[in-house]
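Any value given below was found using the heavy atoms of this structure, including those in side chains, with hydrogens, waters and symmetry copies removed. Indexing begins at 1, ligand by ligand and atom by atom, following the structure's order.
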Amino acid sequence: MNKNIKIKSYKIPPDFLKHSNINLKQYKTLYRQSIKKPGHFWATQAKKFISWFSPWKKISTGSLKKLNMRWFVGGKLNACYNCVDRHLETRTNQIAIIWQGDNPNDSKTITYGELYDKICRFANVLKDHGIKKGDRVCIYLPMIPEIIISMLACARIGAIHSVVFGGFSPESLKTRILDAECRLVITADESIRGGKYIPLKKNVDIAIKKCPKVHKVIVVKRTGNPITMHRKRDIWYHEAMMGVDAKCPPKKMDANDPLFILYTSGSTGNPKGVLHTIAGYMVYVTMSFKYIFDFHDGDIYWCTADLGWITGHSYLLYGPLANGGTTLLFEGVPNYPNFSRYWEIIDKYKVNIFYTAPTAIRALRHEGDKWVNKTSRKSLKLLGTVGEPINPDVWEWYYNVVGNAKCPIVDTWWQTETGGILISPLPGATPLKPGSAAWPFFGIVPEIVNDKGKVIKNNNPGRLVIKQSWPGFMKTIYGDRKRFVDTYFKEVPGRYLTGDGAYRDKDGYIWITGREDDVIKVSGHRIGTGEIESALLTVQQVSEAAVVAIPHEVKGQAIFAYVVTKSGAKSDALKKRLNAQVHRVIGPIANLEYVQFVKALPKTRSGKIMRRILRKIASSEFDDLGDTSTLADPSVVDTLIAERKKVSNEAKGRRQ
Ligand code: WT7
C-alpha cells in the first residue's frame, strides 16, 4: 500500500455510537491499564468473561524473553461448558446455530438446549470409542452443525481437536493426521459447495491407509450417496448417536491444557501444528469478540470463514458461543446460485454483524452493484474483514454499497498463532482509515523494527513484532518446540516475530503491507511456497522449482512457479500435469496461476535462490532488481527476463 495516497478518514456513524460497547475515551483508559498492569487487567477480564471451576493461583508466569509464558496458572475450566452449559439457565430455547445449507431451501436452527444434548451424546460416543483426555481427534467435515458438535464434544472430554479444511487433499490430510498422531477421524460421506460434491470419506480412506494409529472413522451422512464403509473401522454418526447416554459431565481441565491443534503453513517444511491452550485462548477470544464486533445480546452474527481455519475456530464458534450469541453457519459459497447469495442470507436471517475476507468482497464487487442493490441489508450494523490487506477502494465499496454508509468496518489483523485479533479498530472508538487495521487491542504492544531488531520511526516500513505476552497466544508447535522457538523468536529475541511487514502513521494507525517471509496468501488462504515447490519436485521431469507470489486483482496474490526441467522439456501438457500434481498433493486452493519454464534459477554463490529477483521478474518489474552482485551467475537474470518477456508477449498475442 502506498503511504503517499491520500486517504479519507471516516467518523464513526452517529447511530452506532448510541449503543456501542466502548467509546474512544474508554478505549484509551483501558488500553493504558492493559499495558501497564496486564496481570490486573486480564484477571478482571477473566472473571468477567469466563466461568471457572476453580480460580487460578497465578495470573501469569514467564515472559516472551524466556519463552515460558503461561496464563491463569492453576485455574480449572472447560471450554465447552463456557460455550454451552452456562447459558442453559437463560438461553435453553435461544437459537445457538443457524445453519444455511448450500441449497437455499436447506436450512435449520439449533437451540442451546438442543446443542447441549447433541454434544453430550456425541462426547459419549467418542468416549465409547476409547477417546480420552489428551487424545487427538481429526475433524474433516463440511460446514454442517456436526462440525461444531464434534469440536465441542472433544473440548468437553478434554480431547484435542485438529480440524482439517475440507478442501485439502488426502495427502495433506494424511500429513496432518500423522503429525498430530490422531486416533480417530470424524468425516462425512461428501460435502457440497456451490452444487458440487466433494468425496470426503473417499479422501479419508486414501489418507489413512498409512496412518496406523487411526482405529475409528465416524461418518456423518450428508448427501446419502453410496460410499464404502469398512466394517470394523467405520461407523455412522447417526447410528452411534442413537441410544447413547445423554449425560456427560464436562471434564475439569487445567488452564494450560491444550484445546486444539490447527495446522498452518510456514516458510519452509511441512505445515506447523499450532497448539492453543484452553484458558488464555478462551479469555482472549470471548472478550475480543464482544468488543471488536460490538456484540450485544440478541445480535445475529455471521462469519463466512470455514471452521477449518482459525477465523472459524475463534470467531464463528468459540467467541460467539461463549458470549451466548447466535452464530450463522453457511455451507456454501458466495457465488451460488448467484452473486446475491451473501446479501440474501443477510436479509433472510436479519444478520447484524457480518465478517468476511477481502477476496470475497473483491470478487463480488467485480460482478457489479446490482447483485447487492437487489437486497436490503437493513439489519446490518457492523462489517468486518480479515485475512489480507484490503485496498482502500475495495473498503469504500464495502462501506458504501454493502453497508449503506452506516456500518463501521473492523479490519482485523491477526494470525493462526495469535489465537485472536491483535490489531483492529474498535467500532465505537476508532475513526476509520480505509486500508488500515488501526490500533492495537487491549494488552497488545506492536512494534515496527528494522532488520537488526531496532524500533524504527513512524511512517517507515519494517517488520511487525509483538512485545509483550497476551493470553490468546499459541503455546507451541505440536511436537516441535525447537521449531516454535526458531520460527518466532530467534531473529528478534524477546519479541514475537509475526512475519508481516507494516508501518505506523503519525496517528498511530498500523498499515499491514503483507508477508515478508515465504508465505503467500492466495484468496486469503495461507500457503508456504516451500510446500508447493516440494509438490512440484515430485514430478519426474522437474529438476528445480521456485515459487513466488504475484499480485492478483481478485485473489490478492496468485502463485507463479518457475520450473527447470530435466532435458529442458516444456509444454502446455506438462504445465497441466504440474498443476494437477500440486492439487493432488496440497489441494485445489494451491492453484498454479502461472508456470514458467526456465533454464536456470538465480542463486547466490552459496546456492540460495534469490526470490526477491524472481518476484520482480514475475511481476514484470525489470528495471529495479536491486543488488544482484551476490549472484553466482549474473547472466541468469538476463535470460530470465527474456523468457518472461517472451511469455507475456505470447499471452498478449493470444488475447488480441
Ligand atoms: C496472515 C495470517 C487470522 C485470520 C485469518 C488468517 C494476513 C490477516 C489481515 C489484515 C492484512 C492480514 C497476514 C497474517 N492477514 N489479517 N486484516 N490485514 N493482512 O490467518 O491464515 O494464520 O494468516 O494473514 O499476512 O500474517 P492465517
Side-chain angles (χ1 to χ4, degrees), residues 1 163-165 167-168 261-267 271-276 281 284-285 288-289 292 303-319 355-362 383-392 394-395 398 409-425 430 432-441 444 446 461 463-466 472-474 477 487-488 496-503 509-529 531 549 555-557 589-590:
M1 225 149 284
V163 181
V164 177
F165 173 57
F168 276 122
I261 299 169
L262 185 58
Y263 284 86
T264 191
S265 296
S267 285
K272 305 175 276 205
V274 170
L275 184 93
H276 281 285
Y281 176 81
Y284 196 81
V285 300
S288 56
F289 176 75
I292 294 171
C303 162
T304 66
D306 195 283
L307 278 157
W309 313 116
I310 192 72
T311 311
H313 282 58
S314 303
Y315 298 111
L316 193 163
L317 197 168
Y318 286 108
Y355 190 32
T356 195
T359 186
I361 305 169
R362 286 193 298 261
L383 300 170
T385 76
V386 63
E388 41 173 330
I390 178 163
N391 330 37
V394 175
W395 190 101
Y398 194 32
I409 297 178
V410 288
D411 175 350
T412 62
W413 177 88
W414 58 299
Q415 307 175 303
T416 307
E417 293 88 340
T418 68
I421 298 164
L422 298 200
I423 306 176
S424 168
T430 321
L432 303 168
K433 295 196 191 188
S436 169
W439 297 336
F441 189 65
I444 303 303
R463 310 167 114 186
L464 177 65
V465 299
I466 311 291
F473 187 51
M474 69 190 287
I477 291 175
T487 311
Y488 305 113
Y496 164 62
L497 181 71
T498 66
D500 276 323
Y503 65 91
Y509 282 66
I510 292 173
W511 298 76
I512 308 289
T513 50
R515 298 290 307 194
E516 298 233 303
D517 51 9
D518 293 322
V519 167
I520 59 181
K521 281 267 164 164
V522 181
S523 301
H525 297 316
R526 179 167 162 178
I527 307 174
T529 51
E531 286 169 74
K555 298 179 182 176
Q557 294 190 317
I589 57 170

List every atom of ligand 1 that sits less than 4.0 Å from any heavy atom of [X], numbering the atoms from 1 in the order shown and giving each element.
X	result
Ile512	11 (C), 19 (N)
Asp411	10 (C), 17 (N), 18 (N)
Thr412	9 (C), 10 (C), 16 (N), 17 (N)
Arg526	2 (C), 21 (O), 22 (O), 23 (O), 27 (P)

I want to check something: taking the side chain as every heavy atom from C-beta on, are [X] and [Y] in contact at a cut-off of under 4.5 Å?
X	Y	value
Trp511	Lys433	yes
Val274	Gln415	no
Tyr488	Ile477	yes

So, does Pro389 sit close enough to ligand 1 that a heavy atom of it is under 4.0 Å from the ligand? yes
[X] N/O to ligand 1 N/O under 3.5 Å:
X	answer
Gly387	yes
Thr498	no
Thr311	no
Thr385	no

To the nearest 0.1 Å, how far is [atom] from its closest protein heavy atom, and which atom is that?
atom	answer
atom 24 (O) of ligand 1	Lys521 NZ, 3.0 Å
atom 13 (C) of ligand 1	Asp500 OD2, 3.0 Å
atom 2 (C) of ligand 1	Trp414 O, 3.6 Å
atom 22 (O) of ligand 1	Thr416 OG1, 2.5 Å

We want to know whether Tyr398 and Thr356 form a side-chain donor-acceptor pair, criterion being a heavy-atom distance below 3.5 angstrom. no
With under 30° as parallel and over 60° as perpendicular, where do the rings of Tyr284 and Phe441 fit, or are they tilted in between?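 Rings of Tyr284 and Phe441: perpendicular, as their planes differ by over 60°.
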Which of parallel (below 30°), tilted (30 to 60°) and perpendicular (above 60°) describes Tyr315 and Trp414?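 Because their plane-to-plane angle is over 60°, the rings of Tyr315 and Trp414 count as perpendicular.
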Would you check if the side chain of His313 reaches a backbone N or O of Gly308 as a donor-acceptor pair within less than 3.5 Å?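 Pair absent, no side-chain N/O of His313 close to backbone of Gly308.
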Once you restrict to heavy atoms under 4.0 Å, what part of Glu388 touches ligand 1? Side chain, backbone, both or neither.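 Contact part for Glu388 vs ligand 1: backbone (N, CA, C, O).
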Heavy-atom closest pair, residues Ile510 and Pro446: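 Taking every non-hydrogen atom into account, CD1-CG, 3.6 Å.
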Where Gly419 and Ser314 come nearest, the two heavy atoms and their spacing: O-OG, 2.7 Å
